[in-house]
Amino acid sequence: MRELKIMTFNIHHGVGTDGRLDLDRIATVIIESNADIIGLNEVDRSFSQRSDYMDEIKYLAEKLKFEYSFSPSLTLKCRFSKNGGKYGNALLSKFPLVAKKPHQMDFISGIIEGRSLLQATIEPTYSLPIHFFVTHLSINPFLQRKQIEFILKHTTALKNTPVLVMGDFNLRSGQKNWRRLNSKLNDLGSGQPTYPSKRPRVQLDYLFGNNHVKAKNIQVFDYLPEASDHLPLLATIKF
């Protein structure tokens, strides 16, 4: 079996618990984690003044020399970008991304904050393709259920290769929607509180895998907790 180090991290558009925008702190957390693949939530791309209209995923990828992919959950008109200001999920990878696909999960028109599912595939030279999905679920239980059904439809279709799903699920272990998700995918690190970052009490951020994935050394990575309002969840996966 081979191993990869993966991490999921809600970066709160780079604004830390001290109210300061500082993407370099986010980059430092990633460097210190030594993760190979990182799923990110609440990432801005020329979105608004709150993040100085930065293209945050491009900045991080260039600083870290990683490949990246992005899926917008929300798009606004922006004078700094002809494609609009975007906010959503992202993936950073030390490996080439051979496939990238954003999926929208807007099941009810008029929802203020849309949701999305980012799908990306890597092909390590020594292994089968590995499929990664990054998402950030709604806090509404009905919308969560619809989003989980959508995720399971896409992930269970990939039966013969490793699949990882990561992100901020706004769920607690044991809840009905968690059980729906865990009925088809395996929670790799249940019971690891990630929020709030200064004194974490609840787990909102998860790593799920199919039966082709095993995990070890699962930990909440508490280096520079002031970098975001969430702490990242870090694990070594075997496949």
Side-chain angles (χ1 to χ4, degrees), residues 5-97 100 102 113-118 120 122 132-136 166-170 194-198 200 204-207 219-235:
K5 207 168 185 181
I6 62 169
M7 186 166 75
T8 184
F9 192 10
N10 182 326
I11 67 168
H12 195 235
H13 51 270
V15 174
T17 56
D18 55 5
R20 186 161 59 89
L21 174 66
D22 189 347
L23 276 184
D24 289 333
R25 287 191 298 201
I26 301 296
T28 299
V29 173
I30 293 170
I31 291 167
E32 291 296 322
S33 76
N34 197 32
D36 301 298
I37 308 288
I38 305 98
L40 302 175
N41 305 122
E42 297 193 14
V43 180
D44 284 0
R45 302 195 78 179
S46 307
F47 185 70
S48 73
Q49 188 174 0
R50 71 183 185 183
S51 49
D52 289 341
Y53 297 96
M54 290 178 66
D55 186 337
E56 294 189 323
I57 188 58
K58 184 179 180 183
Y59 179 89
L60 288 170
E62 290 179 350
K63 184 176 182 68
L64 298 168
K65 296 180 172 56
F66 277 41
E67 290 206 16
Y68 74 92
S69 185
F70 178 81
S71 68
S73 300
L74 185 62
T75 301
L76 301 176
K77 290 182 179 178
C78 173
R79 67 180 185 274
F80 296 105
S81 173
K82 64 180 181 181
N83 296 318
K86 300 180 186 299
Y87 163 80
N89 305 302
L91 188 79
L92 290 166
S93 174
K94 288 183 180 178
F95 297 91
L97 297 171
K100 310 174 188 179
E113 183 176 335
R115 301 288 171 167
S116 68
L117 176 68
L118 171 60
I122 68 169
F132 291 89
F133 294 83
V134 186
T135 195
H136 185 184
M166 64 183 83
D168 179 352
F169 287 82
N170 279 313
T194 59
Y195 181 86
S197 58
K198 286 297 183 74
L204 298 180
D205 307 273
Y206 291 84
L207 300 166
Q219 62 175 299
V220 175
F221 192 63
D222 59 0
Y223 187 84
L224 283 180
E226 65 272 19
S228 173
D229 60 343
H230 287 240
L231 291 172
L233 190 61
L234 178 67

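Nothing here was measured: the structure is a model prediction, and the numbers come from that model. Values below: every heavy atom of this structure, side chains too, minus hydrogens, waters and symmetry copies.
For Asp18 and Arg25, the salt-bridge test passes: some basic side-chain N is under 4.0 Å from an acidic carboxylate O. Look at Lys63 and Asp24 and you find a salt bridge, because one of the NZ, NE, NH1 or NH2 atoms lies within 4.0 Å of a carboxylate O, short of that distance.
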* Asked: Can Leu118 and Thr135 be said to form a side-chain contact (heavy atoms from CB on, under 4.5 Å), step by step?
  -> CA-CA 6 Å; Leu118 171 60; Thr135 195; over 6 Å; no

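Under the side chain to side chain contact (heavy atoms under 4.5 Å, CB included) criterion, Ala120 pairs with Leu91, Leu97, sequence neighbours left out. Among residues two or more places apart in sequence or in another chain, the salt bridge (Lys or Arg N to Asp or Glu O under 4.0 Å) test is passed with Arg50 by Asp44. Partners of Asp36 according to the side chain to side chain contact (heavy atoms under 4.5 Å, CB included) rule, which considers only residues two or more places apart in sequence or in another chain, are Leu4, Lys5, Lys94, Phe95.
Summarising the geometry of Leu231 relative to Pro200, their closest heavy-atom pair is CD1-CG, 3.8 Å, with the distance given to 0.1 Å. Nearest heavy-atom pair, Ala61 versus Tyr68, reported as atom, atom and distance to 0.1 Å: CB-CD2, 3.4 Å. Taking each heavy atom of Gly14 and Ile26 in turn, the nearest pair found is CA-CG1, 4.4 Å.
The cationic atom of Arg45 (NZ for Lys, CZ for Arg) lies less than 6.0 Å from the six-membered ring centre of Phe70 and within 45° of the ring axis.
For the 3.5 Å distance criterion, the side chains of His136 and Asp168 qualify, holding a donor opposite an acceptor. For the residue pair Ser116 and Asn89, a side-chain donor N or O sits within less than 3.5 Å of a side-chain acceptor on the partner.
Residues Phe221 and Val29 have side chains in contact (heavy-atom distance under 4.5 Å, counting atoms from C-beta outward). For the pair Glu56 and Leu23, the minimum side-chain heavy-atom distance is below 4.5 Å.
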